[in-house]
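Since the structure comes first, as structure tokens, the remarks are kept for the end.
Naming convention: chains lettered A, B, ... in sequence-line order (proteins, then strands); numbering from 1 in each chain.
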Amino acid sequence: MNPILELDGLSVRYRSSAGDVHALEDVSLRVERGETVGVVGESGSGKTTLARAIPGLLDPAAEVTGGSAWFDAVPRAWADADGDPRPDVVSDERYPVREDGMVDLVALSEERIRDLRWREVAFVPQRATSALDPVYRVGDQIVEAIRLHEPGTTREAATRRARSLLERVGVLPERVDDYAHELSGGTRQRVVLAMALACEPALLVADEPTTALDVVVQDRVLGALESLQERLGVAVLLVSHDVSVVASTAARVVVTYGGTVLEAGPTADVLERSANPYTLGLRNAFPSLRDTDRDLVSIPGTPPTLVDPDAGCRFRERCPFATGACERSHPPTYDVAAAERDGALEETTTRTHRSACHRLDEVETIRAAAPEEETWRATR
Amino acid sequence: MARDPLIELSGVSKHFGGARGPLDVLLGRASSPVRALDGVDLRVGRGETLGVAGESGSGKTTLARLVAKLTEPTAGTVTFDGTDLADLSRADERAFRRRVQVVFQDPFESLDPRLTVAEAVAEPLRLTDDYADRAARRDRVRAVLADVGLAPASAYLDAFPGTLSGGERQRVAIARALAVDPDVLVCDEPTSMLDVSVRAAVLNLLRDLHERYALTVLFVSHDLSVVRYVCERTAVTYLGEVVEVGPTADLLSDPAHPYTRALVEAAPDSTVGARRHASITGETPTPRDPPAGCRLHPRCPAVVPPADWRGSQDAFRRALQFKRRVRSEDFAPPSTVGLAPRDVLERGLALDLPGDSTPSTVDERGERRVDPDAFEFGPAAREALDAAANAVSEGDRASALAALDGVVESVCERDPPVERRAGSRRVACHRYDDGDDWADGGDGDDGEAGGDDGDDEGNGDGDGDGEVDGAGDGGGGDGEPKTG
């Protein structure tokens, strides 16, 4: 079966007076139907650009300079009665549709992407306020959204669905008649979540959906997300700066840095058997509620600016393990298991645990040195 | 506390916007100030690092501002080194301004963009006479820049804040605070805007400075894991009150107050795939109109049943919530008139909890329902609930409330709790009124709460030992250009 989303070498740049900002560079990742994939990154990692590129909501100054975002649903204009792409569309090279029926989201016109947005791929931004219209009651907004995208739905049926969705995310049914400004931040975010899922899309892209919220409310919003996902089988791409949010909700994790993927794979592999020096460094930098004897170690330096980067590894300047090879090129992602097994560097962009590091063949040495404060002091 | 207090708050309240606006006058409304802080007693020992943890609207920032005399209390006193801050003479105030320094959350806003690093750090030196000449000032600036790890100083002296990273700016802000050799550092979310990889360095710096200079630190943060890393003792605030205070390690490993416990439960867990849910319902209400009695009681899993309650704790919590719904607009006619009494109970006893394991269904109106027979109420309570549900379905809320009177009621709705000692902590919770240590043995659902001995539900040690991480809320933006 096709994955729901397959990013293949996606690159996005912003033109600016200071130079080109390479916000995304050669990013590949897959999201299967119904699974949650977490994307973690600090500022300047490109994670927000990644999140906005998929539903076609990039800033006008952004330009897709390479790669594709293959998605397993086509605009209605190109579909047959079953919703599958028509044969003439698949065979015609002018349409960005692959033989397996997947469509390239970043190659679609605004009209076509608008047909897929909400119905098949929904987006939840960090601040819910901007997603809700202040002059409509929140229930009406959800009802309108459903009827706009599914014109056959009666008002009664849409209202029932709206109420059921709101209940599912823990918003009391009487809130349906409230306006956005009458709701608390956490309730608004849950309403937006319900609205995003009202048309039962196949993929939800959520960009820092809980960042502005207090921890108890965050817990409830994440709980709401899990419950909706379970019920609707929607796949989720959850973008966050917070490793622990991703760790507790995502089956697989993609670690981004400087617009590239540095490490990816099953959550347990990436976070507990990390292979990339950056991920290992992040783990040192995290305070913990329980493990208080451990001194934190920060990664020296600061995240890159992404303006006209050189050819070398994006993490090189902060990496204590960098060598000459790291100056010459940014590494592709290699299979971690192969490196562990026989020290081999095998390029891969599949779902297995992978890491972009020229020295992945020495992963055990790097893992052993990474927890030591000494290691990171050397590069200061 | 062994150490003598350097800072002492007693009965401190801070209310904002108490005056009646024209609209209030027009509508005949009483004024309702925002009660940012209400009756807080707190002491910070000399050389101690005290954390103040809470969610937004809990009053923690107001507390920090009061200690730094950036705002004045509406009631109560704040004393520093034995002197009431309200009584400071001009000269005393000048000395106070030197001795207590503040580091704010946003290093992007706390530094004047027109001043170089050298100028910004030298600026507070005018509060003292110790660095009268230029050379002395310059040496001092170089020394504190080295102290905060900005080396070589020459690389930073002439830089403007705009050219520095977030972590560097926060170090400059800390250097500026340290320049005058203060006794106290008041830090308000000093690392929440910083990326994780950078934040650790600032946290280490604060710990290091505390030890090296015997600084007293008041550290305000929403992030428990950060508080745990930096602070020896911690005060937890909720809706303008301190609900629990004690040694940080004890407070977080075995929370005494139900709210502290909820914060710990809700902190995202870096253990892969494992997520616990906070056992409190709903969201923090507005500090304009905080609930009567204990401010947490409408959300609390441990709300105290009357002495003659025969059912389970979970059943009591649900019954009390049912009563609150009957009293509120939730169950106002006409929405409930004509509903079968059983339907009223099925809806009224459902809790809004993501982690609630009680089987529930969602009905055709989109409302969650639970089976009333699934809870252990005891005969008197069940009778009262049935009578109340009958009355609700007839649209008679007054009779419904009368039926619940005397059966479903809690000291927590009535009286504000008095702060009590519980082991190493001080806790404001009715669970400790009889001096009993309280623990609900895990998730707060089915512990037996009944009987005359009321409070003691067994002594489970709280919760699992999963490692709990929190990354804070920093680094929201992506650093990408905003054009338009």
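Figure legend: cation-pi geometry between B/Arg207 and B/Tyr229, with NZ or CZ positioned under 6.0 Å from the six-membered ring centre and within 45° of its axis.
The aromatic rings of A/Tyr257 and A/Phe315 lie perpendicular to each other, with more than 60° between the two planes, well past the 30° mark.
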Next on the checklist: Please evaluate residues A/Glu373 and A/Arg377 with respect to the criterion salt bridge (Lys or Arg N to Asp or Glu O under 4.0 Å), reporting the C-alpha separation (whole Å), side-chain torsions for both, the decisive distance (0.1 Å), and the verdict.
Outcome noted: CA-CA 6 Å; A/Glu373 200 220 330; A/Arg377 212 184 301 161; 3.0 Å; yes

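When A/Asn284, A/Val246, A/Val217, A/Val307 are compared by the number of non-hydrogen pairs under 4.5 Å with chain B, A/Val217 comes out ahead. Your options are A/Pro303, A/Ala162, A/Ala285, and the one with the most heavy-atom pairs under 4.5 Å with chain B is A/Ala285. Among the candidates B/Gly57, B/Ser56, B/Gly54, B/Ser165, the residue making the largest number of heavy-atom pairs closer than 4.5 Å to chain A is B/Ser56.
The SG atom of B/Cys300 sits 8.5 Å away from the CD1 atom of B/Ile280 when rounded to the nearest 0.5 Å.
Residue contact with chain B, scored on non-hydrogen atoms closer than 4.5 Å, is absent for A/Thr159. For a residue to count as touching a neighbouring chain, one of its non-hydrogen atoms must lie under 4.5 Å from one of that chain's; by this rule B/Leu263 touches chain A with backbone and side chain alike.
Judged by distance alone, the side chains of A/Thr49 and A/Tyr14 do bring a donor and an acceptor atom under 3.5 Å apart.
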